[in-house]
Amino acid sequence: MNAKISSDCIFEGSNCFRIRVILSILSGKSIVIHKIRVKDDEPGLVAYELSLLKLIVKITNGSTFEVDETGTKLTFRPGLLIGGSVEHDCGLQRSVTYFLEPLLCFAPFCKQPLKANLTGITNDQVDASVDALRHSTIPLLTKILSIYDKNDIELKVISRGMPPNGGGQVLFKCPIRNTIKPIQLLESGKIKRIRGTAIATRVSPSIANRMIDKAKGLLLQFVPDVYIYSDHLKGKNSGKSPGFGLSLVAETIDGTFLTGEAYSNPSGSDKGPSLPEDVAQEAVFDLFEEIYRGGCVDSLNQAIVCFYMALGQADISKVVFGPLSPYTIQLLKHMKQILQITFKLEVESDLDDQEQKLRKGSEKIIATCVGIGYSNLSKIIL
């Protein structure tokens, strides 16, 4: 059940900002964050963090936040998740996925189904792309939330926006749930096919073809079933800046999706222009790294799965991960502090000695926890 607001949880520094805000909303506990970037040349909260707080205020009822005069201290008091239709300009500092990832955690627990229209940057070198979320996270949520009609959950790219000027638009909708069932993901399976999207906006169409040729030349050495779609956009759907990139997803026989991607340097970057072949090779190697790490969930979705494991019904959830990302490790620490829930982490030891040597540095982690039985008390009963 939802927790009542208790004494403030006090944190220091700007690290794990999104984690702290998300857990504040879901636990009902107020948080205070002080000494935010006090040693930086520009101390205090940055524009995209304030923008995220404004978005959360839009989808909740009663959430408030206060920032002191220096901007280095934030007091956030959570309200009730309402959902519904919301529009938000995410700015040009971070991709729309920076804002989407918290919504993926909130959406099932809103009072009304969430329908968010976000504008800004859709593909860059900093955050995971919208394509990675669409091809990896959405199928995973479909399984976790037991969504039988695929039209109920959607992440649609209306227009793409590359840095520095953006111009992209994304539509996300998700149904509501009363409770989350326990999660059991123990078998990842072997790779059966690889799909991809070669993106080119406001550049020559031949650039997408060059990325496809390079990527397929590498991938077909390992998997025979490879198809990469060319997404060359022009006009109003191509955003305001030129750019290109490649997003790849590998699907296993057990329904696991692993992603890898790379994008060109922004227009006017100090790094200079990118070559399509180099971008394609970087995306392929990023996918290979994800496959090597193993697990039933790629590093992009580790944190989201941990959220749903913790909030699920009071039963055992068990998931096999690859090596945990730093973001996931910080999340587990914060959940122990705010939600008082502890995960049991074990290194999988059913591999023979030779395979253990081959996979040294990529040991699989078996994560187990008992959910807190979080209930969506504001869900409309039809």
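All values below come from the heavy atoms of this structure, side chains included, with hydrogens, waters and symmetry mates left out. Computed from a predicted model, the values in this text were never measured in an experiment.
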Tell me, yes or no, whether the heavy-atom count around [X] atom [atom1], taken from other residues, nucleotides or ligands under 6.0 Å, exceeds 12.
| X | atom1 | result |
| --- | --- | --- |
| K192 | NZ | yes |
| K58 | NZ | yes |
| I191 | CD1 | yes |
| Q340 | CD | yes |
| E187 | CD | no |

For residues 43-51, which side-chain N or O atoms pair as donor and acceptor with protein atoms under 3.5 Å away, sequence neighbours left out?
unit_1: E49; atom_1: OE1; unit_2: R37; atom_2: NH1; d: 3.0
unit_1: E49; atom_1: OE1; unit_2: V46; atom_2: N; d: 3.2
unit_1: E49; atom_1: OE2; unit_2: R37; atom_2: NH2; d: 2.9
unit_1: S51; atom_1: OG; unit_2: H88; atom_2: NE2; d: 2.8

Give a yes-or-no answer on whether the side chains of [X] and [Y] include a donor-acceptor pair shorter than 3.5 Å.
| X | Y | result |
| --- | --- | --- |
| N15 | Q330 | no |
| T75 | E66 | no |
| D68 | T70 | yes |
| Y292 | E290 | no |
| T179 | Q313 | yes |

I would like to know whether L332 and L345 meet side-chain contact (heavy atoms from CB on, under 4.5 Å); could you show each step before the answer? CA-CA 11 Å; L332 297 180; L345 303 177; 4.1 Å; yes
Is there a chain of hydrophobic side chains (I, L, V, M, F, W, Y, each step under 4.5 Å between heavy atoms) that links [X] to [Y]?
| X | Y | value |
| --- | --- | --- |
| I199 | L155 | no |
| V32 | L23 | no |
| V223 | L246 | yes |
| L52 | F109 | yes |
| I19 | M335 | yes |

Any carboxylate oxygen within less than 4.0 angstrom of a Lys/Arg side-chain nitrogen, looking at E101 and R18?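 Here E101 pairs with R18 in a salt bridge, since their nearest N and O are under 4.0 Å apart.
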I need the single residue from L104, L118, N117 that forms a side chain to side chain contact (heavy atoms under 4.5 Å, CB included) with F172. Which is it? L104
Among I82, I25, L80, which residue satisfies the side chain to side chain contact (heavy atoms under 4.5 Å, CB included) criterion with T60? I25
ring-ring contact (aromatic ring centres under 6.0 Å, His included) evaluation trace for F11 with H334: CA-CA 10 Å; F11 301 99; H334 279 75; 5.3 Å; yes
Test: side chain to side chain donor-acceptor pair (under 3.5 Å). Region: residues 209-223. Which pairs qualify, not counting sequence neighbours?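 Qualifying pairs, neighbours excluded: R210-E277.
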I want to check something: taking the side chain as every heavy atom from C-beta on, are T259 and L248 in contact at a cut-off of under 4.5 Å?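 With C-beta onward as the side chain, the pair stays apart.
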Between R195 and D225, does the salt bridge (charged side-chain N to carboxylate O under 4.0 Å, His left out) criterion hold? Intermediate values first, please. CA-CA 8 Å; R195 297 290 182 262; D225 188 358; 3.0 Å; yes
What's the separation between atom CD in E289 and atom CD in E282, rounded to the nearest 0.5 Å? 12.5 Å
Can I get a per-line list of side-chain donor-acceptor pairs under 3.5 Å for residues 131-142, giving both atom names and the distance, sequence neighbours left out?
unit_1: D131; atom_1: OD1; unit_2: R134; atom_2: NH2; d: 3.1
unit_1: D131; atom_1: OD1; unit_2: R160; atom_2: NH2; d: 2.8
unit_1: D131; atom_1: OD2; unit_2: N123; atom_2: ND2; d: 2.9
unit_1: D131; atom_1: OD2; unit_2: R160; atom_2: NH1; d: 2.8
unit_1: H135; atom_1: ND1; unit_2: D131; atom_2: O; d: 3.1
unit_1: S136; atom_1: OG; unit_2: D298; atom_2: OD2; d: 3.3
unit_1: S136; atom_1: OG; unit_2: N301; atom_2: ND2; d: 2.7
unit_1: T137; atom_1: OG1; unit_2: N301; atom_2: OD1; d: 2.5
unit_1: T142; atom_1: OG1; unit_2: I138; atom_2: O; d: 2.8

